[in-house]
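Contents: one structure, followed by commentary.
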There are 2 protein chains.
Amino acid sequence: MTSILMIDDDVALTQLVAEYLQLDGYQFKAVHQGPEGLELAKSNAFNLILLDIMLPGMDGLTLLKQLRQHSYCPVLMLTARGDEIDRVVGLELGADDYLAKPFSPRELVARIKAIVRRVELIQQQQQPQLSTVQVNSLRLDSAKRQIFVQDNTLILTATEYQILELLMRHAGDVVSKEDLSQLALGKRLQLYDRSLDMHISNIRKKIAQYDEGEKIQTLRGLGYLLLKGEH
Amino acid sequence: MTSILMIDDDVALTQLVAEYLQLDGYQFKAVHQGPEGLELAKSNAFNLILLDIMLPGMDGLTLLKQLRQHSYCPVLMLTARGDEIDRVVGLELGADDYLAKPFSPRELVARIKAIVRRVELIQQQQQPQLSTVQVNSLRLDSAKRQIFVQDNTLILTATEYQILELLMRHAGDVVSKEDLSQLALGKRLQLYDRSLDMHISNIRKKIAQYDEGEKIQTLRGLGYLLLKGEH
DNA sequence: CACTCCTTTACACAACCTTTACGTTGGCTT
DNA sequence: AAGCCAACGTAAAGGTTGTGTAAAGGAGTG
């Protein structure tokens, strides 16, 4: 079960969030003091931490900094409206996402789900995986770090390989641009960042050299998809 | 099975690491005291040791120094963020790699795998091997310690011979620069160290004297590769 | 001190990733 | 249906990083 720790001095807000998240099946705990929150956070007993920037006793950014000395636990920052500076500093310190107050519970749950899903994706990457995967005319050989199209070897750069491997290992599922960026490029997707699009474009060109029919589909606003099976 | 010993006083961290490594199929044991750790480490019962630099009772670097009197067991150092001095001293004392806290479990597993793979490569080198290997127009005669190109003897230095032998014995696979440096040059690859590149360059020139077609391929960011088989 | 070999230095270049710019698409509003 | 706009496709330019290699430097040997 996913367990969430919320560190926020606004008791009414934590109670509201508690109701929503417990309704959604999350284990939830809230504390209202910075130092107490840090201790709990360092215990690694939670899958996700909701962290208010404005805290009595200890600033949220300071807390995050200290937490990052010990733990990579995902952190979703909560801050006063549009405080762009906090946002930038927070993301630099390793927060996973940012949500401005006031937020709707619906939006909070959506962000939480996105983070949890990505963490699961990452953990899945660490599991032993099939060393060879076949998707239609594409064949992945991860031992040799090569991908073939109908027995032709694709000449891919390291980044292109990582992206295509991800798509192949999740063939049939949509892979979001945010996930692709974090897992293959190692950075969060920024507004107006088109580099992932370019990589996709280049991969498509290289595949099309050998098989015009094998296509990476675009799902506008959602991500990319490699269809598998008979069509 | 690969068994790993972790020496770190942070109990929560060792438990976290334990979960991840056991999930990945490693045998794992953790101790939280320096002296106890040294005793266990000296037993040679482990394939790899994760060693924290900051330890109560006995400093990690001191421990490493004493361990190296008895054992060549691979050591991966764990240290506070960016403590460059510890890093340098540690690597000089014979640590195999270095990881700054906090690290992601994913990164830890990747480093562990890299070390284990290299150790296996070294052990493989020590096994009895085929005394002659043929790769396209290249022929290795390890009894004579010579390499021929289409019946022409290559005049190679000791280092060049070792590098080319490694590439030939792993023809078809990428051999990383890190591995080549450690196995053929006997030292870790440092940033801006170009000596391996020079050896490769010289080997290429000598091969090209006799066969323009026989090429050592470069895989940017990965290593070098000697392609084998019909083309 | 001549010789060989390994390493370092320095510069050029190529491969790669990202950004820019502009064209296209598809969903949504009016 | 027309118009709008954000998301996407991609060519080309820009910037960064890794690699190739000549030449100089250093270390060891006889």
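Residues passing the side-chain hydrogen bond (donor to acceptor under 3.5 Å, both in side chains) test with A:E107, sequence neighbours excluded: A:R111. The salt bridge (Lys or Arg N to Asp or Glu O under 4.0 Å) search around B:R220 returns none, not counting sequence neighbours. With sequence neighbours excluded, the residues that form a side-chain hydrogen bond (donor to acceptor under 3.5 Å, both in side chains) with B:E165 are B:R169. Residues satisfying the salt bridge (Lys or Arg N to Asp or Glu O under 4.0 Å) criterion with A:D8, sequence neighbours excluded, are A:K101. Qualifying side-chain contact (heavy atoms from CB on, under 4.5 Å) partners for A:E120, counting only residues two or more places apart in sequence or in other chains: A:V116. Take A:R194 and apply the salt bridge (Lys or Arg N to Asp or Glu O under 4.0 Å) test, not counting sequence neighbours, and it matches A:D197. Evaluation of the salt bridge (Lys or Arg N to Asp or Glu O under 4.0 Å) rule for A:K215 yields no partner, not counting sequence neighbours. Scored by the side-chain hydrogen bond (donor to acceptor under 3.5 Å, both in side chains) test, B:Q182 finds B:E178 as partners (sequence neighbours excluded).
When the P atom of D:dT17 is taken as reference, atom CG of B:L222 falls 18 Å away, rounded to whole Å. Going from atom CD1 of A:I216 over to atom C1' of D:dT10 covers 14 Å, rounded to whole Å. Atom CD in B:Q217 sits about 12 Å away from atom P in D:dG20, given to the nearest Å. Between the CD atom of A:E160 and the P atom of C:dC17 there is a distance of 6 Å, rounded to whole Å. Regarding A:L196, its CG atom lies at a distance of 10 Å from the P atom of D:dC8, rounded to whole Å. Rounded to a whole Å, the CG atom of B:L189 is 11 Å from the P atom of C:dT8. For the pair A:L191 CG and D:dC8 P, the computed distance is 11 Å after rounding to whole Å. One can place CD1 of A:I203 at 12 Å from P of D:dG9, the figure rounded to the nearest angstrom.
Contact annotation: A:K177 reaches the phosphate of D:dC8 (side-chain N/O to OP1 or OP2, under 4.0 Å). Between C:dT18 and A:K187, a contact under 4.0 Å exists linking OP1 or OP2 to a side-chain N or O. Between A:T157 and C:dC17, a side-chain N or O to OP1/OP2 separation shorter than 4.0 Å is present. For the pair B:T218 and D:dG18, the criterion of a side-chain N or O lying under 4.0 Å from OP1 or OP2 is not met.
Comparing B:L156 and B:Y192 by the nucleotide of DNA chain C that holds the closest heavy atom to each, the one mapping nearer the 5' end is B:L156. Two residues, A:R220 and A:S195, neighbour DNA chain C, and the one matched to the more 5' nucleotide by heavy-atom proximity is A:S195.
With respect to B:R188 and B:D193, no salt bridge is recorded, no charged nitrogen being found less than 4.0 Å from a carboxylate O. Checked for salt-bridge contact, B:D96 and B:R68 meet the test: a charged N lies under 4.0 Å from a carboxylate O.
Between the side chains of A:N47 and A:T2, no donor N or O sits under 3.5 Å from an acceptor N or O.
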Would you tabulate the pairs of protein nitrogen or oxygen atoms and nucleotide nitrogen or oxygen atoms of nucleotides 28-30 of chain C closer than 3.5 angstrom?
none

Tabulate atom names and distances for all N/O pairs under 3.5 angstrom spanning the protein and nucleotides 21-23 of chain D.
unit_1, atom_1, unit_2, atom_2, d
D:dT21, OP2, B:S201, OG, 3.2
D:dA22, OP2, B:K205, NZ, 2.8

In residues 205-213 of chain B, what donor-acceptor pairs under 3.5 Å come from side-chain atoms, sequence neighbours left out?
unit_1, atom_1, unit_2, atom_2, d
B:K206, NZ, B:I155, O, 2.9
B:K206, NZ, B:E160, OE1, 2.7
B:D211, OD1, B:G213, N, 2.7
B:D211, OD1, B:E214, N, 3.4
B:D211, OD2, B:S137, OG, 2.7

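Within residues 161-173 of chain A, no residue has a heavy atom under 4.0 Å from DNA chain D.
The side chain of B:H199 lies closest to C:dT7 when the candidates are D:dT17, C:dT19, C:dT7. The side chain of A:Y224 lies closest to D:dC8 when the candidates are D:dT19, D:dC8, C:dT19.
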